[in-house]
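Inspection log for the structure reproduced underneath, given as structure tokens.
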Amino acid sequence: MSKVTETVSQLVTPILDDMGLELVDIEYVKEGKDWFLRVYIDKEAGIDIEECGLVSERLSEKLDEVDPIVHNYFLEVSSPGAERPLKKDKDFENAIGKNVFIKTYEPIEGEKQFEGILTQFDGITVTVEIKIKTRKKNVDIPYEKIAQARLAVSFS
């Protein structure tokens with residue numbers, strides 16, 4: 001994690017704890033000539049625009065006090081959306097029974113991308129039930145080999 005995202009995480013966590021919200025992810029990225037600080041938040045029942053606005057106001061005040069970012073930037077506070085990233089153990093545990101998309105650093109059983117139902121997670125291995133035509137198959141993916149994981153919207 002970069003120094004900026006670590007600092008922002010330390011600043012936003014007490015705000016979110018106070019509001020009963022969860023920090024999902026923080027991105028600090030340059031797009032074109034502009035810098036963006038994106039903070040993704042959530043809670044069990046989902047969040048609304050008012051909560052995003054309140055977190056944005058409170059975090060903005062803290063960022064102005066501490067001033068950890070040298071560039072001009074745009075602060076965005078939002079929901080992670082329907083295809084929420086899975087980053088922490090808790091995210092994987094909460095995704096059991098849901099449709100997920102996983103990319104790996106190296107091929108597993110000849111593939112680097114998997115989409116299916118997350119059936120198990122033990123902290124070491126993620127098991128995904130995938131469909132191959134009309135047949136279902138379980139694939140065990142070592143946790144440390146996961147490059148990217150997120151919930152996946154299914155239209156079937």
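Each residue takes its place number in the sequence, starting with 1. FYI, side chains are in, hydrogens and waters are out, and symmetry mates aren't considered; it's all heavy atoms of this structure.
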- Message: Applying side chain to side chain contact (heavy atoms under 4.5 Å, CB included) to T104 and F114, what does each step give before you reach the verdict?
- Response: CA-CA 9 Å; T104 57; F114 304 89; 4.1 Å; yes
- Task: Verify the neighbour count for atom CD1 of I132: are there more than 12 heavy atoms of other residues, nucleotides or ligands below 6.0 Å?
- Result: yes
- Item | Euclidean distance, L37 CG relative to E76 CD, rounded to 0.5 Å | 9.0 Å
- Item | Derivation of the salt bridge (Lys or Arg N to Asp or Glu O under 4.0 Å) call for K88 and E93 | CA-CA 9 Å; K88 306 173 215 148; E93 290 163 4; over 6 Å; no
- Task: Could you check if a side-chain atom of P142 sits within less than 4.5 angstrom of a side-chain atom of I124, using non-hydrogen atoms only?
- Result: no
- Item | Qualifying residue for side chain to side chain contact (heavy atoms under 4.5 Å, CB included) with I47, from V77, D42, V55 | D42
- Run the numbers on R84 and V24 for side chain to side chain contact (heavy atoms under 4.5 Å, CB included), then give the verdict. CA-CA 8 Å; R84 171 191 172 127; V24 175; 3.5 Å; yes
- With a 4.5 Å heavy-atom cut-off, do I130 and E115 have their side chains touching? no
- Item | T7 backbone acceptor or donor facing Q10 side chain under 3.5 Å | no
- Start with the C-alpha gap between T125 and Y143, add the side-chain angles, then the distance that decides, and say whether side chain to side chain contact (heavy atoms under 4.5 Å, CB included) holds. CA-CA 5 Å; T125 304; Y143 189 51; over 6 Å; no
- Query: Is any side-chain heavy atom of K98 less than 4.5 Å from a side-chain heavy atom of I117?
  - Reply: no
- Pair F36-E27, side chain to side chain contact (heavy atoms under 4.5 Å, CB included): steps then yes or no: CA-CA 8 Å; F36 292 87; E27 295 177 342; over 6 Å; no
- Query: Less than 4.0 Å between a side-chain N and a carboxylate O, is that true for E106 and K145?
  - Reply: yes
- Would you say the side chain of I15 lies within less than 4.5 Å of the side chain of K62, judging by non-hydrogen atoms? yes
- Query: Does any non-hydrogen side-chain atom of I141 lie less than 4.5 Å from one of V128?
  - Reply: yes
- Mind checking whether L11 and L63 have side chains closer than 4.5 Å, heavy atoms only? yes
- Do other residues, nucleotides or ligands put more than 12 heavy atoms under 6.0 Å from the CG atom of N72? no
- Would D34 and Y73 count as having a side-chain donor-acceptor pair, cut-off 3.5 Å? no
- Salt bridge between K43 and E22, side-chain N to carboxylate O under 4.0 Å? no
- Task: Specify whether W35 and Y28 have parallel, tilted or perpendicular ring planes, treating 30° as the upper limit for parallel and 60° as the lower limit for perpendicular.
- Result: parallel
- Would you say the side chain of L23 lies within less than 4.5 Å of the side chain of Y40, judging by non-hydrogen atoms? no
- Query: Would you call R58-D18 a salt bridge at under 4.0 Å N-O?
  - Reply: yes
- Item | Polar contact flag, side-chain donor to acceptor under 3.5 angstrom, N138-T127 | no
- Query: Got E83 and V153 here, is their nearest side-chain heavy-atom distance under 4.5 Å?
  - Reply: yes
